[in-house]
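Working notes, beginning with the structure itself.
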Amino acid sequence: MLTIALLALLASASASAIQARSSSYNGDFGGSGGGRFSHSGNQLDGPITALRIRVNGYIIGLQVRYGKVWSAHVGGTGGNLEEIFLHPGESVIQVSGKYEKYLRKLVFVTDKGRYLSFGTDIGTSFSAVPLHPNTVLRFISGRAGSLIDAIGLHWDVYPSNCSSC
């Protein structure tokens, strides 16, 4: 009887551990300069709902809106500002781009079939998708100075507690 109880407990713990593995990471894509940044705390404000990208041949700066709150701006302030809002319930499911010493291009693909492209088509290509099914881009990290040097992409399930985002 004790053996059956231990097996049931072990099976339950294993199922919880398997279920908890929904997050994954891709990156860093780009160069090694700049200081580290992370929006890990911003994901608590909700899902990604908008992007502000500064471009001028390079990805100069970026800012992401999580729920209804904008993250701190990272990178430089020059270049042209492009701002894209996601539709309610829309999520980023793939990110690709190009880099050399700095990030040159970013393309965000959404689950609604939209391609949100920023920057110049020059450099080494990368493509990032989540490791686990039914997960979306939750936050970004990377390295930045006067430009965006590198980007990291963090995937997890869509937050269930953000119906007004």
Side-chain angles (χ1 to χ4, degrees), residues 22-159 162 165:
S22 61
S23 63
S24 60
Y25 170 77
N26 304 111
D28 281 354
F29 301 106
S32 59
R36 292 216 68 34
F37 72 87
S38 175
H39 289 174
S40 64
N42 296 94
Q43 69 179 318
L44 301 175
D45 293 323
I48 294 173
T49 55
L51 303 162
R52 286 180 180 155
I53 312 282
R54 290 194 167 275
V55 297
N56 188 12
Y58 293 94
I59 305 297
I60 294 173
L62 62 89
Q63 189 175 24
V64 180
R65 193 174 82 164
Y66 296 87
K68 297 182 178 183
V69 180
W70 285 98
S71 69
H73 175 84
V74 293
T77 56
N80 299 317
L81 176 63
E82 299 181 27
E83 183 175 82
I84 302 283
F85 285 83
L86 275 62
H87 299 299
E90 184 176 26
S91 297
V92 174
I93 58 169
Q94 178 183 356
V95 180
S96 60
K98 296 200 175 227
Y99 65 91
E100 293 175 319
K101 187 176 176 183
Y102 304 104
L103 210 53
R104 299 294 302 249
K105 181 175 188 153
L106 284 172
V107 180
F108 297 89
V109 181
T110 76
D111 57 353
K112 305 291 185 197
R114 292 202 299 160
Y115 288 73
L116 313 172
S117 182
F118 307 91
T120 306
D121 204 19
I122 297 171
T124 302
S125 297
F126 71 88
S127 182
V129 294
L131 180 61
H132 304 287
N134 303 315
T135 57
V136 299
L137 184 64
R138 291 291 298 157
F139 71 94
I140 62 168
S141 63
R143 303 183 68 79
S146 58
L147 301 169
I148 303 299
D149 293 83
I151 193 166
L153 306 153
H154 301 261
W155 312 90
D156 208 337
V157 294
Y158 190 88
C162 196
C165 296

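Residue numbers count from 1 along this sequence.
The shortest distance between side-chain heavy atoms of Arg65 and Leu51 does not fall below 4.5 Å. Residues Leu116 and Leu86 form a side-chain contact, since some pair of their non-hydrogen atoms from C-beta on lies under 4.5 Å apart. Ile140 has its side chain out of reach of His154: every pair of non-hydrogen atoms, C-beta onward, lies at least 4.5 Å apart. Val136 is not listed as a side-chain neighbour of Val92, based on a closest heavy-atom distance of 4.5 Å or more. Using a 4.5 Å heavy-atom cutoff, the side chains of Ile59 and Leu147 are not in contact. The closest side-chain heavy-atom distance from Ser71 to Tyr66 is below 4.5 Å.
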Under the side-chain contact (heavy atoms from CB on, under 4.5 Å) criterion, do Val157 and Asn134 qualify, and how do the steps go? CA-CA 6 Å; Val157 294; Asn134 303 315; 5.8 Å; no
Decide yes or no on side-chain contact (heavy atoms from CB on, under 4.5 Å) for Asp45 and Lys68, but give the supporting numbers first. CA-CA 7 Å; Asp45 293 323; Lys68 297 182 178 183; over 6 Å; no
Show your reasoning for whether side chain to side chain donor-acceptor pair (under 3.5 Å) applies to Trp70 and Asn42. CA-CA 8 Å; Trp70 285 98; Asn42 296 94; over 6 Å; no
Report the C-alpha distance between Leu137 and Leu153 in whole Å, list the side-chain angles of each, state the deciding distance to 0.1 Å, and finish with yes or no for side-chain contact (heavy atoms from CB on, under 4.5 Å). CA-CA 7 Å; Leu137 184 64; Leu153 306 153; 3.9 Å; yes
Given side-chain contact (heavy atoms from CB on, under 4.5 Å), test Ser117 with Lys105 step by step and report yes or no. CA-CA 7 Å; Ser117 182; Lys105 181 175 188 153; 3.4 Å; yes
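Side chain to side chain, Ser141 and His39 fail the donor-acceptor criterion of an N or O pair below 3.5 Å. Side chains of Asp156 and Ser22: a donor-acceptor N/O pair is present below 3.5 angstrom, by distance only.
In terms of modelled atom types and a separation under 3.5 Å, the side chain of Arg143 and the main chain of Gly33 share a donor-acceptor contact. Between the side chain of Arg52 and the main chain of Val64, no donor-acceptor pair closer than 3.5 Å is present. Under the 3.5 Å distance criterion, the side-chain polar atoms of Arg138 are matched with a main-chain donor or acceptor of Gln43. With hydrogens and angles ignored, the 3.5 Å screen pairs a side-chain donor or acceptor of Ser38 with a backbone N or O of Ser40. Between the Thr49 side chain and the Gly67 main chain, a donor and an acceptor come within less than 3.5 Å of each other.
Across all their heavy atoms, Thr135 and Trp155 have their closest contact at OG1-CB, 4.4 Å. Taking each heavy atom of Tyr158 and Gly89 in turn, the nearest pair found is OH-CA, 3.9 Å.
A side chain to side chain donor-acceptor pair (under 3.5 Å) check over residues 107-116, counting only residues at least two apart or in different chains, returns the pairs Glu90-Thr110, Glu90-Arg114.
The distance from the OH atom of Tyr58 to the OG atom of Ser146 is 10.5 Å, given to the nearest 0.5 Å. Expressed to the nearest 0.5 Å, how far OG1 of Thr120 lies from CG of Leu103 amounts to 10.5 Å. The CD1 atom of Ile151 sits 5.5 Å away from atom CG of Leu62, with the distance rounded to the nearest 0.5 Å. To the nearest 0.5 angstrom, Asn80 atom CG is 8.0 Å from Ile60 atom CD1. To the nearest 0.5 Å, atoms CD1 (Ile148) and CZ (Phe29) are separated by 15.5 Å.
Between Arg36 and Asp28, at least one side-chain nitrogen of the basic residue sits less than 4.0 Å from a carboxylate oxygen of the acidic one, meeting the salt-bridge criterion.
Arg104 forms no cation-pi arrangement with Tyr99, by the criterion of a distance under 6.0 Å to the ring centre and an angle within 45° of the ring axis.
For the ring pair (Phe, Tyr, Trp, His ring centres under 6.0 Å) test, no residue two or more places apart in sequence or in another chain qualifies with Phe108.
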Can I get a per-line list of side-chain donor-acceptor pairs under 3.5 Å for residues 124-131, giving both atom names and the distance, sequence neighbours left out?
residue: Ser125; atom: OG; partner: Lys98; partner atom: NZ; Å: 3.2
residue: Ser127; atom: OG; partner: Gln94; partner atom: NE2; Å: 3.1

